[in-house]
Amino acid sequence: MPTDVLVVGAGPTGLVLALWLTRQGVKVRIVDEASGPGQQSRALAVQARTLELYRQADLTDAVIAGGWKTAAVNLWVAGAPKARIAFADFGVGLTPYPFLHIFPQDAHERLLVERLSGLGVEVGWNTELAAFLETADGVSARLRTSGGHEAACEARFICGCDGARSAVRAGIGATFPGGTYRQTFYVADVEAAGPPANGELHVGLDESDFLAIFPIDGAGRVRLIGAIRDSRADDAGDPRFEDVSRRAIDHLEVEVRQVNWFSTYRVHHRVADRFRKGRAFLLGDAAHIHSPVGGQGMNTGIGDAINLAWKLAAVLRGKAAERLLDSYEIERQAFARRLVATTDRVFTFAAAQGPVADFLRTRLAPLVIPQAARLDAVRDFLFRTVSQITLNYRDGPLAAGRAGAVHGGDRLPWAGGEHDNFAPLATIGWQVHAYGGSPGPLRDWCAARGMPLHAFAFGKAHADAGLVEGAAYLLRPDTYVALASPSGATDELDRFLAERGLLP
Ligand SMILES: Cc1cc2nc3c(=O)[nH]c(=O)nc-3n(C[C@H](O)[C@H](O)[C@H](O)COP(=O)(O)OP(=O)(O)OC[C@H]3O[C@@H](n4cnc5c(N)ncnc54)[C@H](O)[C@@H]3O)c2cc1C
């Protein structure tokens with residue numbers, strides 16, 4: 001049976017893509033060579049921007065209910081607590097989700113699989129993409145089951161959500177430039193006791209030893225991440241938890257009672273040189289990988305999926321010219337490059353070795369970081385960046401205009417309270433927001449196109465968020481501002497859509 005979109009890979013990126021496509025009425029087939037969802041906790045952090053976007057699939061409440069809000073980060077040097085930075089003041093007023101949310105990737109994937117199944121789409125486990133080629137009006141893929149059986153799959157588009165060793169990436173001949181850091185790291189999910197098992201985040205900044213402790217459930221289950229010293233990494237055989245450097249662990253008085261998962265890994269920083277060739281797309285780790293600093297990887301893959309899903313749906317339904325699909329690579333590759341460069345700088349600092357690096361980490365950082373975190377501007381900047389709410393597509397082809405502080409391409413700023421402007425963002429579709437004024441002509445314009453118009457009585461919360469009275473904001477189906485029009489003139493909206501071949 002031909003399908004609209006073949007999604008290769010059922011990690012978080014592929015599952016979100018399949019879910020968003022299905023909710024828009026697109027026929028999807030999703031396959032994965034694994035026998036079922038991932039069993040390891042891997043990505044822990046679900047950023048505020050992901051929680052905002054998850055309202056579109058009614059996922060946010062389930063992710064919040066199943067996870068853990070982290071109250072603070074603690075810095076330790078040589079076993080002594082040096083600073084505690086509470087997250088309570090970070091992000092307040094910027095988003096409905098001003099906290100650092102932990103929801104392990106295994107539970108996250110299970111939730112997505114369940115939701116997809118609820119819509120009648122089952123993941124084809126034990127099914128590997130063996131090869132594919134582009135045909136006149138689609139792609140023809142060869143799928144191989146774990147039993148060795150091969151079958152063809154015809155689709156209009158193929159999406160490579162197949163992780164760092166992507167077969168789709170190889171299939172389109174994309175390169176994956178970047179590099180691999182020298183150090184080997186370990187990750188251990190453990191049941192623990194001791195001061196750092198208090199549900200908060202802890203970072204141990206010992207000389208030549210680095211340890212980060214993430215809470216997983218607030219009840220003694222924690223994630224340890226540390227560097228394996230060169231001498232041990234070079235030893236023959238796979239290191240075990242007993243082999244890792246104990247200095248920082250002992251200094252922080254972590255009593256490990258049980259090791260649930262232990263793995264070592266090298267960290268790469270790479271961005272594919274193209275995210276699309278014809279009818280094939282790359283998303284998630286298939287397109288970009290970087291250090292786990294800042295908990296960005298999984299969230300960025302999810303962002304790719306939400307960015308692409310509405311574009312594929314629009315083109316498949318004849319509601320947009322095919323050139324809309326070009327905007328996927330333009331918008332997402334630019335962000336991936338910035339992200340990889342930023343995480344590279346932070347990671348290089350955190351993992352650097354030698355006396356100067358030790359001095360900066362153990363003497364300077366514990367003094368400077370807490371002082372800096374007291375400044376509103378620093379907290380604001382950090383939260384906006386890490387939560388991904390600052391991510392915008394201003395320089396892309398789907399952005400125009402400026403009204404107040406809001407540019408075309410921006411995330412719509414949140415204005416909570418009585419007239420919460422995020423309330424209507426729980427659907428996937430074009431919409432117009434009008435603030436104050438009398439949106440008569442806009443109302444007719446929207447009605448003629450079956451496009452929802454949300455008119456808000458202009459209030460202080462809207463002004464504080466940078467919105468302006470009398471303006472109209474045309475929102476894309478992924479809730480980013482397409483056109484920001486100070487006057488809300490309908491001919492501006494018409495021109496914007498016509499120039500881009502969009503028929504919402
Ligand atoms: C220790 C660790 C900690 C991390 N912490 C964080 C964090 O806190 N926050 C964060 O955002 N990110 C984090 N990450 C990164 C995060 O786990 C990845 O970015 C995320 O899993 C990427 O999702 P994905 O769906 O793109 O790819 P993957 O999760 O790799 O999924 C790819 C899927 O494709 C399947 N596949 C591969 N090849 C084929 C084929 N030929 N045919 C069919 N199926 C195929 C695989 O079986 C797999 O299921 C962490 C990663 C690690 C290892």
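Keep in mind the model is a prediction, meaning the values are calculated, not measured. Indexing begins at 1, ligand by ligand and atom by atom, following the structure's order.
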So, [X] and [Y], do they make that salt bridge, N to O below 4.0 Å?
{"X": "Asp326", "Y": "Arg276", "value": "yes"}
{"X": "Asp410", "Y": "Arg394", "value": "yes"}
{"X": "Glu150", "Y": "Arg142", "value": "yes"}
{"X": "Arg144", "Y": "Glu128", "value": "yes"}
{"X": "Glu322", "Y": "Arg279", "value": "yes"}

In the protein, what heavy atom is nearest to [atom], and what distance, to one decimal place, separates them?
{"atom": "atom 1 (C) of ligand 1", "answer": "Val187 CG1, 3.8 Å"}
{"atom": "atom 11 (O) of ligand 1", "answer": "Met298 N, 2.6 Å"}
{"atom": "atom 46 (C) of ligand 1", "answer": "Asp32 OD1, 3.5 Å"}
{"atom": "atom 14 (N) of ligand 1", "answer": "Ala43 CB, 3.8 Å"}
{"atom": "atom 8 (O) of ligand 1", "answer": "Leu44 N, 3.1 Å"}
{"atom": "atom 30 (O) of ligand 1", "answer": "Gly163 CA, 3.7 Å"}
{"atom": "atom 26 (O) of ligand 1", "answer": "Thr13 OG1, 2.8 Å"}
{"atom": "atom 41 (N) of ligand 1", "answer": "Leu129 O, 3.5 Å"}

Given that the side chain starts at C-beta and the backbone is N, CA, C, O, which of these parts of [X] lies under 4.0 Å from ligand 1, counting heavy atoms, or is it both or neither?
{"X": "Ala286", "answer": "neither"}
{"X": "Arg223", "answer": "side chain"}
{"X": "Thr127", "answer": "backbone"}
{"X": "Gln296", "answer": "backbone"}

Distance under 4.0 Å to a non-hydrogen atom of [X]: what atoms of ligand 1 satisfy this?
{"X": "Ala167", "value": "41 (N)"}
{"X": "Cys161", "value": "32 (C), 33 (C), 34 (O)"}
{"X": "Val8", "value": "42 (N), 43 (C)"}
{"X": "Gly284", "value": "26 (O)"}
{"X": "Glu128", "value": "41 (N), 42 (N), 43 (C)"}
{"X": "Gly9", "value": "33 (C), 34 (O), 35 (C)"}

Under 3.5 Å side-chain donor-acceptor pair for [X] and [Y]:
{"X": "Glu331", "Y": "Asn307", "result": "yes"}
{"X": "Glu122", "Y": "Ser117", "result": "yes"}
{"X": "Gln296", "Y": "Thr343", "result": "no"}
{"X": "Gln56", "Y": "Trp20", "result": "yes"}
{"X": "Gln105", "Y": "Ser41", "result": "no"}
{"X": "Arg332", "Y": "Tyr393", "result": "yes"}

Quick check: [X] and ligand 1, any N/O pair under 3.5 Å apart?
{"X": "Gly297", "answer": "yes"}
{"X": "Asp285", "answer": "yes"}
{"X": "Gln105", "answer": "yes"}
{"X": "Gly295", "answer": "yes"}
{"X": "Pro12", "answer": "yes"}
{"X": "Trp261", "answer": "no"}
{"X": "Asn299", "answer": "yes"}

> Are Asn260 and Arg221 side-chain neighbours, meaning at least one heavy-atom pair lies under 4.5 Å?
Replying inline: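 Yes - at least one pair of side-chain heavy atoms lies under 4.5 Å apart.
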> Should the pair His288 and His290 be assigned to parallel (<30°), tilted (30 to 60°) or perpendicular (>60°) ring geometry?
Replying inline: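 Ring orientation of His288 relative to His290: parallel.
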> Do any non-hydrogen protein atoms sit less than 4.0 Å from atom 39 (C) of ligand 1?
Replying inline: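 Yes, there is one.
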> Heavy-atom count around Phe381 CZ within 6.0 Å, excluding the residue itself: above 12?
Replying inline: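 It does not: Phe381 CZ has 12 such atoms or fewer within range.
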> Is a side-chain donor or acceptor of Thr175 paired with a backbone partner of Pro177 at a separation under 3.5 angstrom?
Replying inline: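 No, the answer is negative, given that no donor and acceptor are paired below the 3.5 Å cut-off.
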